[in-house]
There are 2 protein chains.
Amino acid sequence: MLAARPLPPDPDIARSGAVHTLVAELRAMIAAEGLVTGDSLPTERELSERFGMARNTVREAIGVLRAYGVIEVRPKVGAVLINRHLSAALDVFSFQLSISPETFADIQGFRQLVEVNLFDALAPHLTMADLARLEAQNAAMLAAPDVAACAAADYAFHHALVAIAGNATLRDVYRIMEPVILRLMETGKETRGRDMAHASHAAIIRALREGDRLAYQYFMADHLHQGLGFFTATTPEAAP
Amino acid sequence: MLAARPLPPDPDIARSGAVHTLVAELRAMIAAEGLVTGDSLPTERELSERFGMARNTVREAIGVLRAYGVIEVRPKVGAVLINRHLSAALDVFSFQLSISPETFADIQGFRQLVEVNLFDALAPHLTMADLARLEAQNAAMLAAPDVAACAAADYAFHHALVAIAGNATLRDVYRIMEPVILRLMETGKETRGRDMAHASHAAIIRALREGDRLAYQYFMADHLHQGLGFFTATTPEAAP
DNA sequence: ATCCCCATTCGTTGGACCAGAATATGGTTA
DNA sequence: TAACCATATTCTGGTCCAACGAATGGGGAT
């Protein structure tokens, strides 16, 4: 079962076959007919008839397009064009995202970079409803029955914070990091307890409510630094 | 509206159906059996028998995994695990037909958030060689023969900047966004010329060399704001 | 306008055939 | 006998076909 081959001499993905050609033809057809987001493709049977291929082959090609975030197929209505390429690409990227110490460090560093400096992107969109939701999520963290639920609530708080900024790319990036962040938070909860995180969140919310940029940055940096501290102690290699 | 949804983080994508569950099960199987790059999966017929699904369904799931860059299927050999999810993500994102103005603004906003605040993550790792390379790339942008090459050099500059921070995950995310950033830069070059970008880059490098955090933030924000400004000013209605 | 029924469409299944590659087989020769 | 090469066999993926179930949108009846 274990492959003994050194490495495939053909690094190229299969560029032949009916499915691949059909994907290319569909792409060309979309471009030729000027279809835009929201338009729908013909039915599978019609496509199979038009291109002279079996419906299973058409389905496989459509599956590729769906995995690529180009179309979204709804039963009875057909395949409609969507604009979710980046989300799909990030999904693909994160499919095998390993939960390793390096990834932990990367993502925690990314969170510091983003969340501490998020205030300016956040403030213009912030509403009272947002603040109420953040407080509800913070309360839910305290009421969580176990560590996993607590970590989930913690993640929900930060994800909601990021979502308020209204940047779909940033939200997608956070979404793909969710499993890693959850693991990170669970470990943190086990070592530090949840009260500290709750207090930090409350301070962050207060700073947001008062529009205090410096206070927000201070509390957020402090909050994230707590999470970073525990695990840098467990990673031997953090240099160059 | 805030009903306690247990698990669906993204209700957009279809998270049901035999194909999706099989993808998840295959993913779990790979993790459970500790399969690594080079190992091979059972045959389609064996999988269909083991999971009680038709071979066509198994094929669709395998097609998804192949589109995700997780496996590469060779005739007679079967599906072997590969480690190409990053390049697969690049393929996915390059596949897109048209880039919407929303995506442009979105990614530019993401870049602002990241790159403007990158200084603190950058400074500890910055070396003289890094500065020299940045200057070389900036010079290359000026010497580029055409707009595409100029945009490529521009992207190389920013990618190198992000890479210096030493965050591999962030660097990969930037690589995934490369096609869109390139398109963005090409359009910018056509309207604004390259001298302005070159001057901004030079100012950024100077700020880095002098360790001037505020100057770096100022010039980077200005630089990225130019790119955003042109685009928001010239957002035409998408091709109907 | 509302409700109900039906036709259409996707989702999935089971089976079939074909081309090609890996392997076993058998014959040939040193 | 043993090494070697050509052939036959046997998998495996790639494609196609026919069919059924479930869900849903639309059209007709009220």
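Proteins get letters first, then strands, A, B, ... in listed order; numbering begins at 1 in each.
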Any salt bridge linking [X] with [Y]? Criterion: basic side-chain nitrogen under 4.0 Å from a carboxylate oxygen.
X       : Y      : value
E60(A)  : R59(B) : yes
D172(A) : R84(A) : no
R74(A)  : E72(A) : yes
R45(B)  : E49(B) : no

TODO: Verify the ring-centre separation between Y174(B) and H159(B): is it less than 6.0 angstrom?
DONE: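 No, the ring of H159(B) stays outside the 6.0 Å limit from the ring of Y174(B), centre to centre.
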
- [ ] Hey, which sits more toward the 5' end of DNA chain D by its nearest nucleotide, M53(A) or P75(A)?
- [x]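 Per heavy-atom nearest nucleotide, the more 5' residue is M53(A).
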
- [ ] Using the ring of F95(A) (Phe, Tyr or Trp, six-membered ring only), decide whether R27(B) places NZ or CZ under 6.0 Å from its centre and within 45 degrees of its axis.
- [x]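 Because its charged atom sits under 6.0 Å from the ring centre and within 45° of the axis, R27(B) does stack over F95(A).
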
Rounding to an integer number of Å, can you tell me how far [X] [atom1] sits from [N] [atom2]?
X      : N       : atom1 : atom2 : answer
E44(B) : dG14(C) : CD    : C1'   : 15 Å
N56(A) : dG13(D) : CG    : C1'   : 14 Å
H20(A) : dG13(D) : NE2   : C1'   : 17 Å
E72(B) : dG13(D) : CD    : P     : 14 Å
E49(A) : dT9(C)  : CD    : P     : 12 Å
L47(B) : dT13(C) : CG    : P     : 13 Å
R59(B) : dG14(C) : CZ    : C1'   : 15 Å

Of all the choices, [options], which nucleotide is nearest to the side chain of [X] once you look at every atom?
X      : options                   : value
R55(A) : dC17(D), dT15(D), dA19(D) : dA19(D)
R45(A) : dC10(C), dT13(C), dG14(D) : dC10(C)
A54(B) : dG14(D), dG14(C), dC16(D) : dG14(C)
T57(A) : dT15(D), dG13(D), dT13(C) : dT15(D)

Atom pairs, protein N/O to nucleotides 6-11 of chain D N/O, distance under 3.5 Å:
unit_1: dC11(D); atom_1: O2; unit_2: K76(B); atom_2: NZ; d: 2.5

Task: V58(A) side chain reached by F51(A) side chain, heavy atoms, under 4.5 Å - done: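 No, too far: nothing below the 4.5 Å cut-off.
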
- [ ] Look at all strands and tell whether V19(B) reaches a base, only sugar-phosphate, or nothing, counting heavy atoms closer than 4.0 Å.
- [x]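 Counting heavy atoms under 4.0 Å across all strands, the contact made by V19(B) is with sugar-phosphate only.
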
Open item on the list: Taking 4.0 Å as the cut-off, does a side-chain nitrogen or oxygen of R74(A) come that near to OP1 or OP2 on dT24(D)?
Closed with: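 It does not, given that no N or O in the side chain of R74(A) lies less than 4.0 Å from OP1 or OP2 of dT24(D).
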
